[in-house]
> 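One structure, as structure tokens, below. Some questions next.
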Amino acid sequence: MASGELDFSSGVPLYRQIKEILRREIADGVADPQKPMTEAQLLSRFEVSRAPIRQALMELTSDGYVYRKQGKGTFPARGLRVHRPADVQSGRFYQFLVESGMHPSSKVSTPDWVEPPAEVGQLLGTDEHERLLHFTRLISVEGAPLAEATVYIRAPRDFNPTVQELEESGSAFELLEQGYGITLGRSEHEAWATAATADNAATLGVGVGSPLLVIDTVFRTAGGRPIGWRTALHHAENFKYRFTQ
């Protein structure tokens, strides 16, 4: 069966198959952002009822892959769109991307034990000259850079994950839980906008001065102890973070 065809015997709901086909075409740049996706066009293409077509378009709209222009129709969104739901647990974002079929990849710097910046040490309540595990991570989706994170973790000193382990797992906290039984509880976020520096622009593939979304996070264990801090720079146009109260 071709990748753009429906499998009526698979047991996978038709709207999900249609959504994935259209999502892939949008992500790969096959869908023309100047041409609307009309119900009539999709009905003719997939030869199904209106219900799965409408459900697929509704979810693609919610996920940011398409948008509606009043009186003109539904259009593919330009560029990559990642919407992080509020219920994605801290430290599990990479796994969310995998489960969403976005084919993420991760490039991690060599981990090292360093004294954190004073502000980070204060947030985590570190002792004087205490060293934390430090590394950076660049997450790409569909081959395009999405976010760059700088991470500090208060981990046992014999916790020394390799670059390969960090890249394959997508989360140092997942490795920490597997090796030491240390689980994350709540986390605290601060978000704001900034402009890309020359270094940011080179890493994320944007122009100098382009808008970026910054999210700083303090991670706490299930017992409430601060265990890690991360600052992450995201493409402002490609990433949306949802909060709930």
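These numbers come from the heavy atoms of this one structure, side chains and all, not from hydrogens, waters or symmetry mates.
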> At their closest point, which heavy atom of G207 faces which heavy atom of A196, and how far apart are they?
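Here G207 and A196 meet closest at O-CB, 3.8 Å.
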> Examine L123 and F173 and state if one hydrophobic cluster contains both, with Ile, Leu, Val, Met, Phe, Trp and Tyr joined whenever side-chain heavy atoms are less than 4.5 Å apart.
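Per the 4.5 Å side-chain linkage, L123 and F173 are not co-clustered.
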> Has the side chain of H234 got a donor or acceptor atom that lies under 3.5 Å from a matching backbone atom of L213?
yes
> How about S10 and Q17: does a side-chain donor come under 3.5 Å of a side-chain acceptor?
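Yes, Q17 and S10 have a side-chain donor paired with an acceptor closer than 3.5 Å.
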> Has T203 got a side-chain atom pairing as donor or acceptor with N200's backbone, closer than 3.5 angstrom?
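No, T203 side chain to N200 backbone: no donor-acceptor pair under 3.5 Å.
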> Looking only at atom types and distance, does a side-chain atom of S210 sit under 3.5 Å from a main-chain N or O of V206, one as donor and one as acceptor?
no
> Kindly indicate whether the side chain of P111, heavy atoms from C-beta on, has any atom under 4.5 Å from the side chain of V163.
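Result yes, sub-4.5 Å side-chain heavy-atom pair found.
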> State plainly whether the residues R50 and E39 are in salt-bridge range, i.e. N to O under 4.0 Å.
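Salt bridge between R50 and E39, a charged N being under 4.0 Å from a carboxylate O: yes.
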> Do T162 and L166 come within less than 4.5 Å of each other through their side chains, counting heavy atoms only?
no
> Between the main-chain N or O of T136 and the side-chain N or O of S109, is there a donor-acceptor pair closer than 3.5 Å?
yes
> When you measure from the side chain of R131 to the backbone of W113, do you find a donor-acceptor pair of N or O atoms at a distance under 3.5 Å?
yes
> Treating E167 as the side-chain partner and V108 as the backbone partner, does any N or O pair qualify as donor plus acceptor under 3.5 Å?
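Pair found, side chain donor or acceptor close to backbone of V108.
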> Anything under 30° is parallel, anything over 60° is perpendicular, the rest tilted; go ahead and classify Y152 against H134.
parallel
> Going through the distances and angles, do L175 and F159 end up as a side chain to side chain contact (heavy atoms under 4.5 Å, CB included)?
CA-CA 9 Å; L175 296 175; F159 177 63; 4.0 Å; yes
> Under the rule for salt bridge (charged side-chain N to carboxylate O under 4.0 Å, His left out), what residues qualify as partners of R137, not counting sequence neighbours?
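By the salt bridge (charged side-chain N to carboxylate O under 4.0 Å, His left out) rule, R137 matches no residue at all.
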> Determine whether Y15 and V66 fall in the same hydrophobic cluster, where Ile, Leu, Val, Met, Phe, Trp and Tyr are linked whenever their side-chain heavy atoms lie under 4.5 Å apart.
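Y15 and V66: separate clusters.
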> Report the distance from atom OG1 of T231 to atom CD of E148, rounding to the nearest 0.5 Å.
9.5 Å
> Side-chain heavy atoms nearer than 4.5 Å, only ILVMFWY residues, links allowed to pass through others: does that put V120 and V114 together?
yes
> Stepwise, does the side chain to side chain contact (heavy atoms under 4.5 Å, CB included) test hold for V48 with F8?
CA-CA 10 Å; V48 297; F8 291 90; 4.1 Å; yes
> Just wondering, do T194 and L233 contact through their side chains at under 4.5 Å, heavy atoms?
yes
> Under 3.5 Å, is there a donor-acceptor pair between the D216 and W192 side chains?
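The criterion, which ignores hydrogens and geometry beyond distance, is not satisfied for W192 and D216.
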> Rounded to the nearest 0.5 Å, what's the gap from OG1 on T221 to CD1 on I182? Could you check?
8.0 Å
> Using the rule that two of Ile, Leu, Val, Met, Phe, Trp, Tyr join whenever any of their side-chain heavy atoms come within less than 4.5 Å, decide whether L184 and F135 are in one cluster.
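Yes, L184 connects to F135 through the hydrophobic network.
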> Do R230 and F219 come close enough that some side-chain heavy atom pair is under 4.5 Å?
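R230 reaches F219 side chain to side chain.
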> Taking only Lys NZ, Arg NE, NH1 and NH2, and the carboxylate oxygens of Asp or Glu, determine whether E25 and R45 approach each other closer than 4.0 Å.
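Here E25 pairs with R45 in a salt bridge, since their nearest N and O are under 4.0 Å apart.
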> Sort out for me which residue in R220, R154, E130, R225 forms a side-chain contact (heavy atoms from CB on, under 4.5 Å) with L124.
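Between L124 and the candidates, side-chain contact (heavy atoms from CB on, under 4.5 Å) is satisfied uniquely by R154.
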> Is there a donor-acceptor pair under 3.5 Å between the side chain of E168 and the backbone N or O of E165?
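The answer is no, because no donor-acceptor pair under 3.5 Å joins these two groups.
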> So, taking the atom named NZ in K19 and the one named CD1 in I21, what distance separates them when rounded to the nearest 0.5 Å?
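The NZ atom of K19 sits 13.0 Å away from the CD1 atom of I21.
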> Nearest 0.5 Å please: distance from the OG1 atom of T183 over to the CG atom of L176.
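These two atoms lie 9.5 Å from each other.
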> Quick check for you: to the nearest 0.5 Å, what is the distance between L133 atom CG and I153 atom CD1?
5.5 Å
> Determine whether the side chains of D199 and T197 contain a donor N or O and an acceptor N or O closer than 3.5 Å.
no
> Do L138 and I215 belong together in a cluster built from hydrophobic side chains that touch within less than 4.5 Å?
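No, separate clusters.
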> Counting only heavy atoms from other residues, nucleotides and ligands, does the tally under 6.0 Å from CD of Q122 exceed 12?
no
> Using side-chain heavy atoms (C-beta onward) and a distance below 4.5 Å, is P76 in contact with M37?
yes
> Counting C-beta onward and ignoring hydrogens, is there a side-chain heavy-atom pair between P156 and Y180 closer than 4.5 Å?
yes
> How many angstroms lie between atom CG of L60 and atom CD of E20, to the nearest 0.5 angstrom?
9.5 Å
> Is a side-chain N or O of S44 found less than 3.5 angstrom from the main chain of A40, in a donor-acceptor match?
no
> Please assess V218 against I227 for the test side chain to side chain contact (heavy atoms under 4.5 Å, CB included), listing each intermediate value before the final yes or no.
CA-CA 8 Å; V218 175; I227 192 174; over 6 Å; no
